[in-house]
Amino acid sequence: MEETKKSGQKSEYIAAIIFNLIWWYIVNNLLNWKVYFVTNAFNEVLWIINLSIIVSIIGNALLLFYSPERLRHGVKIFINIVSFIAVYLVWELFPFNFYNSFYDWLFSLLLILGMIGITIATIVEIYLLVTGKPKLTGN
C-alpha cells in the first residue's frame, strides 16, 4: 500500500513537470504565433509566468526525489504563492483583447476564480503543514 502511494506521488510530480515544460513552451511562443487575443503587453507579465513555471518545475523535481510530508506541504505553499502572484499580475495587467467584452469579462472572471482556488489550496496546505497530516480527510 505504501509503495503504491509513493509511486502515485512520483507519477504526479513527473506529470506536473511535463505539463509545466509544455506550458512554458506555449506561453513563450504565444506572441510569435500571433494569437489574436494576446497583446504585446503580454511581454510585461511573461517574466512572472516563467518564474512561476520554473518554481513549479524545481519544486516538483525536488519532491520527486525527496518528499517528506512537511517539506511537501511547504513546497506546495511556496509554489502556490508564486502562482498566485503570477495570476494576479496577469489579471491586473490583462494583456488580452478578445474584441468582445463578454469574453474579456469571462476570462477575467476565470483568472479571479483561479486566484480563489490557489488561495484555498494554500490555506489547506498551511493547515496540513501545521497539523502534520498527510492530507485532508473527512474524519
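All values below come from the heavy atoms of this structure, side chains included, with hydrogens, waters and symmetry mates left out.
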Quiz item: Can you check side-chain contact (heavy atoms from CB on, under 4.5 Å) on Val124 and Leu128, steps first, answer last?
Solution: CA-CA 6 Å; Val124 168; Leu128 294 174; 3.9 Å; yes

Practice problem: Start with the C-alpha gap between Asn97 and Thr39, add the side-chain angles, then the distance that decides, and say whether side chain to side chain donor-acceptor pair (under 3.5 Å) holds. | Solution: CA-CA 7 Å; Asn97 185 354; Thr39 68; over 6 Å; no

Exercise. Evaluate side-chain contact (heavy atoms from CB on, under 4.5 Å) for Phe37 paired with Tyr99, printing each intermediate quantity in order.
Key: CA-CA 8 Å; Phe37 59 85; Tyr99 303 100; 5.7 Å; no

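Partners of Glu12 by salt bridge (Lys or Arg N to Asp or Glu O under 4.0 Å), not counting sequence neighbours, listed by chain and number: Lys76. Applying the side-chain contact (heavy atoms from CB on, under 4.5 Å) test to Val27 and every residue at least two apart in sequence or in another chain returns Trp23, Phe42, Leu46, Ile49, Asn50, Ile53. Legend: residues meeting ring pair (Phe, Tyr, Trp, His ring centres under 6.0 Å) with Tyr103, ordered by chain and number and at least two apart, are absent. Every residue was checked against the ring pair (Phe, Tyr, Trp, His ring centres under 6.0 Å) condition with Trp24, not counting sequence neighbours, and none meets it. Here Thr131 pairs with Tyr127, Lys133 under the side-chain contact (heavy atoms from CB on, under 4.5 Å) rule; sequence neighbours left out. With sequence neighbours left out, Tyr36 forms a ring pair (Phe, Tyr, Trp, His ring centres under 6.0 Å) with no residue at all. Remark: Ile14 engages Ile18, Leu64 in a side-chain contact (heavy atoms from CB on, under 4.5 Å) (not counting sequence neighbours). Applying the side-chain contact (heavy atoms from CB on, under 4.5 Å) test to Asn32 and every residue at least two apart in sequence or in another chain returns Asn29.
Put simply, the side chain of Val38 does not reach to within 4.5 Å of the side chain of Pro95, judged on heavy atoms.
Closest approach of Tyr13 and Leu63 over heavy atoms only: CE1-O, 3.3 Å. Taking each heavy atom of Leu62 and Val75 in turn, the nearest pair found is CD2-CG2, 4.0 Å.
Ring planes of Phe98 and Phe94: tilted class, angle from 30 to 60°.
When atom types are taken as modelled, the side chain of Arg72 and the backbone of Ser67 share no donor-acceptor pair closer than 3.5 angstrom. With Ser83 contributing its side chain and Ile79 its backbone, the two residues share a donor-acceptor pair below 3.5 Å.
For the atom pair Ile85 CD1 and Asn80 CG, the distance stands at 11.0 Å (nearest 0.5 Å). Going from atom CG of Asn43 over to atom CG of Leu93 covers 10.5 Å, rounded to the nearest 0.5 Å. Residue Phe84 holds its CZ atom at 10.5 Å from CD1 of Ile81, rounded to the nearest 0.5 Å. With values rounded to the nearest 0.5 angstrom, Ile57 atom CD1 is found 10.5 Å from Phe19 atom CZ. With rounding to the nearest 0.5 angstrom, the CG atom of Leu129 is 5.0 Å from the CD1 atom of Ile77. Separation of atoms CD1 (Ile17) and OG (Ser56) is listed at 8.5 Å; rounding is to 0.5 Å.
In summary, the aromatic rings of Tyr25 and Trp33 are positioned with their centroids under 6.0 Å apart.
Residue Ile54 is found in a hydrophobic cluster whose other members, listed by chain and number, are Ile58; membership requires side-chain heavy atoms under 4.5 Å apart, directly or through intermediates.
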Could you pull out all donor-acceptor pairs under 3.5 Å where a side-chain atom in residues 108-118 meets a protein atom, sequence neighbours excluded?
unit_1: Ser108; atom_1: OG; unit_2: Trp91; atom_2: NE1; d: 3.0

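The cluster map of Ile, Leu, Val, Met, Phe, Trp and Tyr, joined by side-chain heavy atoms under 4.5 Å apart, puts Leu30 and Leu21 in the same cluster.
Among residues at least two apart or in separate chains, there is no ring-ring contact (aromatic ring centres under 6.0 Å, His included) pair with a member in residues 60-81. Pairs of residues two or more places apart, or lying in two chains, never qualify as salt bridge (charged side-chain N to carboxylate O under 4.0 Å, His left out) while including a residue from residues 81-95.
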